[in-house]
Each structure stands twice: as C-alpha cells, then as structure tokens.
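Everything on this sheet refers to the single structure shown next.
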There are 2 protein chains.
Amino acid sequence: MRVTIAEVALRAQVSKATVSRVLNGKPDVDVTTAERVRQVIDEIGYVPSARAVGLARGRARTVGMLAPSLTWPWMGEVLQGIVDTLETEGYGLLLYTVNRGPDSLSQFASHVSANAFDGLLVIEPPDTLNYIATLYAQGLPVVMIDDRGSHPQFPSVATTNREGAQGAARHLLAAGRTKFAVVTGPVQFGCTRERLDGFRDALAAVGLSVDPRLVVDGDFTTDGGTVATEKLLSTGIPFDGVFAHNDLSAMGVLRALRKAGRDVPGDVSVVGFDDVPIASHAEPSLTTVRQPLQEMGVAAARMLLSHFGGEVLPEKPLVLPTSLVVRQSAPQI
Amino acid sequence: MRVTIAEVALRAQVSKATVSRVLNGKPDVDVTTAERVRQVIDEIGYVPSARAVGLARGRARTVGMLAPSLTWPWMGEVLQGIVDTLETEGYGLLLYTVNRGPDSLSQFASHVSANAFDGLLVIEPPDTLNYIATLYAQGLPVVMIDDRGSHPQFPSVATTNREGAQGAARHLLAAGRTKFAVVTGPVQFGCTRERLDGFRDALAAVGLSVDPRLVVDGDFTTDGGTVATEKLLSTGIPFDGVFAHNDLSAMGVLRALRKAGRDVPGDVSVVGFDDVPIASHAEPSLTTVRQPLQEMGVAAARMLLSHFGGEVLPEKPLVLPTSLVVRQSAPQI
DNA sequence: CTGAAAGCGCTTACAG
DNA sequence: CTGAAAGCGCTTACAG
C-alpha cells in the first residue's frame with residue numbers, strides 16, 4: 001500500500017495541511033512540530049505522489065523535449081546537457097520524437113493538451129516551426145535549440161554560425177591556402193547561408209573570394225559530401241582548401257579526396273563544422289568548428305527553469321560561441 | 001482556462017461519469033448519447049488531463065528509462081526504438097541518467113517512490129544491478145537492455161554475444177586467416193567473456209586456437225584499442241586477424257596498425273562488434289558483428305507494454321540475434 | 001501557528 | 001443505460 005500524506009499526518013498528530021507546509025518549506029510552522037513531522041517522514045520513507053502534487057498545483061515539474069531524431073551523432077550531447085540540468089532541479093524530461101508520420105505529431109499534440117509537461121524544449125522537426133510558434137503563442141513556455149539557423153519568433157539558443165565560418169576561413173588562410181571550395185548544407189537552412197556568408201566575408205577581408213563554381217550544395221550527409229567533392233574535382237578548377245558545412249559532409253569530402261589521390265592536408269586542407277565524436281576518429285582527424293552542443297542543451301534547460309522561477313523568457317536568441325578545433329585535416333602552420 | 005470533463009458534461013447534458021465512459025470506450029452507453037458526447041468533445045477540443053487521469057487510475061501511462069550516458073554512439077539507436085514503440089501506444093518516456101554522483105541516484109529513487117512512471121527500462125549504470133533488482137522485487141516492472149552480458153535476475157533483452165563472436169571467427173577463417181589476436185572488452189563484463197569464448201570455440205572447431213599472449217585487455221575505448229594493439233605488435237608474434245570486442249576499440253586497432261605500417265586488410269583483417277554509425281565511416285570501413293540495438297529497444301518496450309496489458313514478464317532473457325556486416329577491413333574472399 | 005474544507009480533474013463502484 | 005457521490009493524494013485559501 002502506498003504511504004500517503006494522511007498516514008504521515010496521523011502519526012505526527014497534525015493535519016495534512018501542516019505536513020504539506022513542512023514538505024514545501026512554508027513559513028509559520030512551529031519548529032518542534034516541523035521536526036516531528038520530518039522524523040515521521042524519514043521513518044516511514046514518505047515521498048509525495050508526483051501526480052497528486054501535480055494535479056493540486058497545476059504543474060508537473062516535467063519538461064517535454066521534441067526531437068526529430070535520436071540517432072544523429074550530436075543529439076546525445078544536447079540531450080545529456082538537458083537531462084543533467086533538469087535532474088539537478090528535480091525536473092523530469094519527457095522525450096518525444098515525431099518520426100512516425102502524421103499521427104505522430106497529433107499524438108504529441110494531445111500530450112500538450114493533456115498538460116503532460118510545463119514547458120517544451122525543441123530541436124525543430126521538419127516543417128513544424130509554425131506549429132511550435134502556435135504552441136508558444138497559446139502560452140506554452142518553449143525554448144528551441146536552433147541548430148539550423150531558423151531564428152524563430154520565440155525563445156531560442158543558437159550558436160555563432162557566421163563567426164565560426166569566419167574562423168574556419170582565417171585558419172585556412174593562415175595555413176597559406178588561397179583557393180577555396182565549399183560544400184554547403186541544405187540551401188533552405190539559415191545556418192547554411194550564415195556559414196557561407198561568414199566564410200566569404202573573412203576571405204573578402206583579405207581581398208580573396210570563392211569561385212562560384214567551387215560552391216557545391218551538400219545535404220549534411222557523408223554520401224552527399226562525397227558526391228559534392230566529385231563534382232568539385234570534375235570542374236578541373238584547382239583548390240587547396242575545403243570548408244564543409246558539417247562534419248558528416250566533411251567525412252565524405254575526405255573519402256572522395258582520398259579516392260582521387262589527393263593528400264589531406266598535403267594537397268588540400270579540410271575543415272568541417274560541429275565537432276561530432278566521429279570528427280576525432282576520421283582519417284586524417286578532422287579540423288572543425290565546434291558547436292557547443294552540450295552547453296546549448298544546458299542553456300536551453302536553464303532558460304526554461306528560470307522561467308518557471310518567475311523570470312521572463314528572453315526574446316532574443318541566446319547565442320553561444322563556436323570554437324575552432326584544430327586537428328590533422330587542416331593543421332596549424 | 002482549461003477545458004474539463006465538467007464542461008463537456010454540461011454541454012452534452014449528461015453526467016461526468018457518462019463522458020468518462022465514452023472517453024474510455026466502456027460498454028453500456030446509449031449510441032446516440034455517446035455520439036452527442038463525442039461531438040461536444042470534438043467541438044471544444046477536449047483532452048483529458050494526464051495528471052488527473054493518472055491520479056484517479058493510479059497509473060501514469062509513462063515509462064521511465066535509466067541510462068548511464070546519452071553520448072555513447074549506440075545509445076541513440078536504442079532510445080529511438082524505445083520511444084517509437086512507446087509513442088505508438090500513447091505512452092510517454094521519462095528519461096533519467098545518473099551521472100552526477102551519488103545524489104543523482106537518490107533523486108532517481110525519489111521519482112520511483114513518487115510513482116512517476118509505471119515501469120522502468122534500464123541500461124545498467126555502473127554498480128546498480130542490485131539496486132535495480134530491489135526495485136523489481138518491490139514490484140516495479142523492470143526490463144533491462146543487457147548490453148554487457150550481466151544476465152540479471154529480472155526480465156531483460158540481450159543479444160547473441162557468443163554466436164556473434166563465432167561468426168566473426170568463421171569469417172576470418174573463411175578469408176584464410178590463421179593467426180589471431182583479440183582486443184577484449186573490460187574483463188568484468190559478461191559480454192567480454194562470451195565474445196572471447198565464442199571466438200575461441202569457433203577456432204577450436206577447426207583445430208586452431210588463439211595464442212594467449214595475443215589476447216590483450218581493452219576498455220571499449222578507441223585509445224584503449226590503440227594501446228592494446230601496440231602491445232600486440234610489441235610481442236613480435238605474427239598475427240593476421242584481429243577481433244576487437246567493440247567498434248570503438250576496433251577504430252583504435254585500425255589507427256595503430258596504420259601507424260605501424262600494416263595494411264588492412266592486406267596484412268591484417270580486423271573485425272569489430274556493435275556496428276555503430278562510425279563503423280561504416282572508418283578507414284577502411286569496418287567489418288563488424290551487428291548488435292540489433294534499435295530492435296532491442298523495441299523489444300524491451302514491447303515487453304513492458306504487454307505487461308501493462310496483463311501478461312507476465314518473461315523470466316528468461318529475450319535474446320535477439322547478431323549479424324555479421326562485411327565491409328573493407330575484413331572483406332569476403 | 002494550525003486545522004477543516006474545498007478544490008485540482010478525473011474514475012469507479014453503487015443505486016436506480 | 002445513467003447519475004450522485006466518493007475517492008485518488010495532494011495544496012491552498014480561509015478561519016481561528
């Protein structure tokens with residue numbers, strides 16, 4: 001049988017209200033009474049029912065997390081940051097992915113309506129930005145981890161795509177590279193434009209530019225990176241530095257260059273973006289612009305928690321800086 | 001303001017009890033009454049409060065998941081299998097990791113006591129087997145995803161470590177390899193023993209064996225694999241096939257062999273275990289024993305769900321078969 | 001400082 | 001077939 005607050009009240013010879021006060025650290029409880037209640041609680045190992053507390057208070061002390069996929073190489077980092085942060089405050093994390101077609105999303109929607117969680121953390125599943133915006137407008141606290149430069153109209157945590165790309169360009173320049181190629185991310189992503197712009201900006205600052213024929217669309221996959229590189233090679237235009245918009249693409253770039261007999265970094269330097277675990281295991285290991293994924297998860301979770309604590313959610317995105325991780329594919333000179 | 005069952009009852013001109021009956025598909029409701037209630041529900045978009053339903057019924061329709069780390073390369077696969085399965089049945093997943101020291105676990109314990117979830121899925125965090133066993137003994141439905149051959153005294157899903165290792169051995173034999181080395185997993189793990197035994201068994205069946213000096217302890221990390229391989233090479237004993245007990249180790253093996261000037265698979269064939277995403281991106285790509293991670297997650301979740309449906313949890317582990325994935329590091333001959 | 005009572009939003013015997 | 005009432009296990013004004 002479950003131990004309830006009534007049992008505690010009975011044994012401590014007080015009312016349930018007083019037990020509740022002690023439990024929640026309310027003021028105006030006699031010190032000795034409080035002590036007695038605490039003893040009883042320890043003795044019988046009482047823990048309040050999460051559901052009953054939630055129902056009475058109207059809050060679940062639970063956060064929902066919406067993620068398009070759990071198998072992406074960097075998702076674990078973000079999740080880990082989130083879970084660690086929430087657990088510290090005693091909050092639970094309800095995990096949703098919506099990759100089982102249309103009724104998948106409607107099921108999620110019903111959990112929202114059922115008030116299953118107090119706030120939502122989201123990594124944008126395809127084509128759900130409007131939906132999320134609606135939820136936010138309806139009063140659900142939402143913080144998005146903006147991995148693709150969507151710049152939503154609600155609170156979010158992002159990273160410095162532009163500055164990160166600038167850093168990549170400067171690093172390649174410092175290594176003496178002058179002829180650049182770019183394998184982009186999906187064109188519809190904001191981060192793709194930002195990374196491209198940043199890269200070009202830094203080159204322009206020293207009077208250089210990227211030959212438009214050496215900017216090839218990728219799709220953030222390894223195979224896409226391979227195909228893109230084959231296209232680059234087939235132009236016959238020489239290049240000695242490649243900036244891939246994510247690490248998976250960069251892996252494909254490495255593979256294609258190897259197949260073509262180009263030495264990395266001897267003939268060509270390669271820089272990726274993300275710093276997923278694979279990056280350090282690549283051959284050669286990958287120089288890349290590190291996204292602070294775990295920190296972004298932590299920041300998003302903190303934002304939501306402090307909102308529950310009474311603070312307003314910031315309108316502007318919280319932007320955490322990238323950093324360049326130098327490895328063999330584009331070594332320091 | 002939240003729409004409640006009372007509102008529906010009022011508009012449909014019935015009692016809350018009747019609305020509840022319609023909601024839960026109970027028999028003995030007049031067809032036209034039921035229809036009227038359903039219309040009102042649709043009209044005002046009523047969704048029952050998860051907390052209130054949970055409190056009244058004593059069940060949360062939520063499953064807890066305890067995982068030691070979310071950043072392991074294969075964790076995403078397992079999680080994805082679990083979440084997909086639970087979502088299909090409308091169950092939520094509460095995610096816990098307990099890697100913030102001792103109070104981390106006690107916080108989890110209090111969520112257990114608070115009845116925050118109806119059942120627990122677990123990938124064993126270090127030294128928690130007894131604790132989990134206690135929870136199961138106290139009546140919490142538990143299913144463990146046994147990734148390390150712990151063979152717990154409660155329901156679990158596992159894979160064929162022994163047979164998988166046998167397959168690795170046979171594959172190497174078929175490729176004409178005769179002198180074998182092994183980089184093991186942590187010695188205290190059951191799966192390490194099973195993989196070692198299986199490998200030896202298959203060799204013994206054709207009258208071969210592994211030189212004991214060529215069996216080196218690894219620790220399931222890439223660096224551990226590198227160190228182990230350097231030890232193997234320093235023995236001066238020739239070998240032409242390496243079986244690493246997981247893929248991360250195998251990556252380290254590849255790296256060390258490359259550094260030592262040994263060609264893979266020309267001089268040495270290498271086989272790993274797991275088939276994590278990195279495996280296909282290794283250079284050369286890694287032949288490995290595939291663990292059906294996502295399927296194991298699905299199976300564990302299904303087991304729990306059918307238990308909620310009234311079935312008893314099976315005492316024996318559910319064992320899903322491994323399969324050999326042949327890539328360049330140990331090609332088919 | 002403390003208790004009785006109402007309320008959170010449902011479900012479930014019990015009557016009819 | 002349907003409703004009134006009690007109950008799930010808490011919290012929170014309201015009195016005193």
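In what follows, every chain begins at residue 1, and chains take the letters A, B, ... in the order their sequences are listed.
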Task: Candidate pair B:Gln80 and A:Thr97, rule side chain to side chain donor-acceptor pair (under 3.5 Å), full reasoning - done: CA-CA 8 Å; B:Gln80 188 76 63; A:Thr97 107; 3.3 Å; yes

Side chain of [X]: nearest nucleotide among [options]?
X: B:Arg21; options: C:dC14, C:dT11, C:dG3; value: C:dC14
X: A:Ala52; options: D:dT2, D:dC10, C:dG3; value: D:dC10
X: B:Val29; options: C:dG9, D:dT2, D:dC10; value: D:dT2

Figure out the [atom1]/[atom2] separation between [X] and [N], and round it to whole Å.
X: A:Ile5; N: D:dC10; atom1: CD1; atom2: P; value: 6 Å
X: A:Glu7; N: D:dC10; atom1: CD; atom2: P; value: 11 Å
X: B:Arg59; N: C:dC10; atom1: CZ; atom2: C1'; value: 16 Å
X: B:Leu10; N: D:dT2; atom1: CG; atom2: P; value: 17 Å
X: B:Lys16; N: C:dC14; atom1: NZ; atom2: P; value: 19 Å
X: A:Leu55; N: D:dG7; atom1: CG; atom2: P; value: 17 Å
X: A:Leu23; N: D:dG9; atom1: CG; atom2: C1'; value: 12 Å
X: A:Ile41; N: D:dC10; atom1: CD1; atom2: C1'; value: 13 Å

Counting any heavy atom closer than 4.0 Å, what does [X] reach on the DNA or RNA strands: base, sugar-phosphate only, or nothing?
X: B:Asp30; result: sugar-phosphate
X: B:Arg51; result: nothing
X: A:Ser20; result: base

Open item on the list: Suppose we call a contact any N or O donor and acceptor under 3.5 Å apart; does that hold for the side chain of A:Arg57 and the base of C:dG7?
Closed with: no

TODO: Establish, yes or no, whether a centroid distance under 6.0 Å links the rings of B:Tyr91 and B:Phe117.
DONE: no

Open item on the list: Pick the closest DNA chain C nucleotide for A:Ala17 and for A:Asp28 by heavy atoms, then say which residue is nearer the 5' end.
Closed with: A:Asp28

TODO: Sort out the partner of C:dA15 for me: Watson-Crick or G-U wobble, both distances under 3.5 Å, none otherwise.
DONE: D:dT2

I want to check one thing: is the phosphate of [N], taken as OP1 and OP2, less than 4.0 Å away from some side-chain N or O of [X]?
X: A:Ser15; N: C:dG3; value: yes
X: B:Thr18; N: D:dG3; value: yes
X: A:Ser49; N: D:dC8; value: no
X: A:Lys26; N: D:dT12; value: yes

Task: Distance-minimising heavy-atom pair for A:Ser15 and A:Ala9 - done: C-CB, 3.8 Å

Open item on the list: If you count heavy atoms of other groups shown closer than 6.0 angstrom to CG of A:Asn130, is the number above 12?
Closed with: no

Task: Heavy atoms from other residues, nucleotides or ligands near CD of A:Gln188 exceed 12 (cutoff 6.0 Å) - done: yes

Open item on the list: With nearest nucleotide decided by heavy atoms, which residue, A:Asn24 or B:Pro27, maps closer to the 5′ end of DNA chain D?
Closed with: B:Pro27

Task: Step-by-step side chain to side chain donor-acceptor pair (under 3.5 Å) determination, A:Asp103 to A:Gln107 - done: CA-CA 6 Å; A:Asp103 64 14; A:Gln107 200 144 44; over 6 Å; no

